[in-house]
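Accompanying notes for the structure given below.
Side-chain atoms are counted along with the backbone in the values below, which use heavy atoms only and exclude waters and symmetry mates. Just so you know, these numbers come straight off a predicted model, no measurement behind them. To find a chain, count down the sequence lines: A is the first, B the second, and so on, and within it residues start at 1.
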Amino acid sequence: MNTLSDSWTAWQPLPSTRGLSAAVLAETLDGGQAFRWHAQTDGVYQGAWSNHVARLRATRDGVAWSAPAALAPATSAALADYFVTRTDWRALADTLPWRSDAHLAACLAAFPGLRLLRQPFGETLLGFLCSATKQIVQIKQMVALLATRHGAPILPSSAAAAFHRLPTWPELAAVPETELRACLLGFRARYISATAKFLAAHPGWLEETEAAPYALAKARLCTLPGVGEKVADCVLLFGAGRLEAFPVDVWILKTMAARYGLVDWGSAQVAHFGRTHFGPLAGLAQQYLFAYERAAARRAA
DNA sequence: GCACCACCTAA
DNA sequence: TAGGTGGTG
């Protein structure tokens, strides 16, 4: 993992991340939005997206980044997009209805500066197709295997070849389902295989979906095998910047029951409540609620 | 529309 | 048991 350490750039500040704590950085990178960031020693996170590789860590001034020297020129701009540094996330969170929602206010206070990443659309779809009834650690394991076994090296000239990009959908279409199962995908292998074949047969479909209005984009995603409402909303929230997407998983169901009294409500009802109660940035509220509830569960354990 | 269950595998 | 989906009754 550290064979390339000598050729990494010096740490540089990432714009618009002033005051972002190590805990919030960890929650952002490793809290269920993305599955390719791995904690190193000393609070450093190392990760890859598209054909980029970076290390991130919290400093007293904000987040600092480093990249393999050969890739660093491209990383700077790519990281700004990925981390959505042009958005003032604190100001955005301040527009959420926390003044009339004490629980939401507590969530905002617990994770100041929490943000939504803008990940590559296709990669986000792949990650969340792996996510059904799996914990983050296991999803990360599957995704790592997919990358090392079926994705191209990001640094082709390097002997280490330590970093691989995720396989593209056309590449996945060529991988036999049995080999996908060998990446610990289980029954998800069938979904990924079928989705890959569909996407390979329909060039441009994914790009059109990413560009479509939220409701249409979600409806299109839901036609893919293995993609239901929850996965579609995750893909749109974490891979397309659609902050109105409000994914409802078991954690949100739990939160809404415990904190909002919505006991025994179904996913569809909770989704409707979330959109109307939290408004056009419901997805951002969801991420705060989600982070808060998981932290509370860890404390209780 | 809603409740149930199979689908894989690893911790 | 786990951060779902799809098929069935």
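When rounded to the nearest whole Å, the span between CG of A/L180 and P of B/dC8 equals 13 Å. Atom P of nucleotide C/dG3 and atom NZ of A/K140 are separated by 14 Å, given to the nearest angstrom. Protein atom CE of A/M142 is 13 Å distant from nucleotide atom P of B/dC8, rounded to whole Å. One interatomic measurement links the two molecules: CD of A/Q141 to C1' of B/dA10, which rounds to 8 Å at whole-angstrom precision. Rounded to a whole Å, the CD1 atom of A/I139 is 16 Å from the P atom of B/dT9. Computed from coordinates, the A/K134 NZ to C/dT5 C1' distance equals 15 Å when rounded to whole Å. The interatomic distance linking A/E177 (CD) with B/dC7 (P) rounds to 14 Å, in whole Å. Whole-Å rounding puts the A/F238 CZ to C/dG3 P distance at 14 Å.
Here A/F187 does not lie in a stacked arrangement on the base of B/dC8, lacking the combination of planes under 30° and ring centres under 5.5 Å apart.
B/dA3 is paired with C/dT8 under the Watson-Crick or G-U wobble criterion, all donor-acceptor distances under 3.5 Å. Nucleotide B/dC8 is matched to nothing when pairs are restricted to Watson-Crick or G-U wobble geometry with both distances under 3.5 angstrom.
In terms of heavy-atom proximity, A/G239 sits nearest to A/T124 at CA-OG1, 3.4 Å.
For C/dT8 and B/dC8, the P atoms lie 15 Å apart once the distance is rounded to whole Å.
Summary of the strand contacts: A/L224 and A/Q138 both lie near DNA chain C, and taking for each the nucleotide with the nearest heavy atom, the more 5' one is attributed to A/Q138. Ranked by how close their nearest DNA chain C nucleotide is to the 5' end, A/G226 and A/D30 are led by A/D30.
With A/W11 as reference, A/V44 is the one residue of A/V63, A/V44, A/T59 to meet the side-chain contact (heavy atoms from CB on, under 4.5 Å) rule.
Heavy atoms of A/R188 sit under 4.0 angstrom from at least one base atom. When heavy atoms are screened at a 4.0 angstrom cut-off, A/G31 is found touching base atoms of the nucleic acid. Residue A/G228 is classed as a sugar-phosphate contact, given heavy-atom separations below 4.0 Å to backbone atoms only. Nucleic acid contact for A/P225: sugar-phosphate only, since backbone atoms but no base atoms lie under 4.0 Å from a heavy atom of the residue. At the heavy-atom level, A/V227 lies under 4.0 Å from the strands shown only through sugar-phosphate atoms. Counting non-hydrogen atoms under 4.0 angstrom, A/Y191 reaches a base of the nucleic acid. Heavy atoms of A/I136 sit under 4.0 angstrom from at least one base atom. Using a 4.0 Å heavy-atom distance criterion, A/L129 is classed as making no nucleic acid contact.
For A/V231, counting side-chain heavy atoms from C-beta on, the closest listed nucleotide (B/dC2, C/dG4, C/dG3) is C/dG4. The nucleotide whose nearest atom lies closest to any side-chain atom of A/W251 is, among B/dA11, B/dC2, C/dG3, C/dG3.
At least one donor-acceptor pair under 3.5 Å links the side chain of A/T95 to the backbone N or O of A/L92.
At C/dG3, none of the side-chain N or O atoms of A/R294 fall inside 4.0 Å of OP1 or OP2 (strictly under the cut-off).
Ring to ring, A/W65 and A/F83 are not that close: their centroids are 6.0 angstrom or more apart. A/Y82 and A/H52 have their aromatic ring centers separated by at least 6.0 angstrom.
Judged by distance alone, with hydrogens and angles left aside, A/K230 brings no side-chain donor or acceptor close enough to the base of C/dT5 to form a pair under 3.5 Å.
Under 4.0 Å is where a charged nitrogen must lie from a carboxylate oxygen, and between A/E123 and A/R36 no such pair does.
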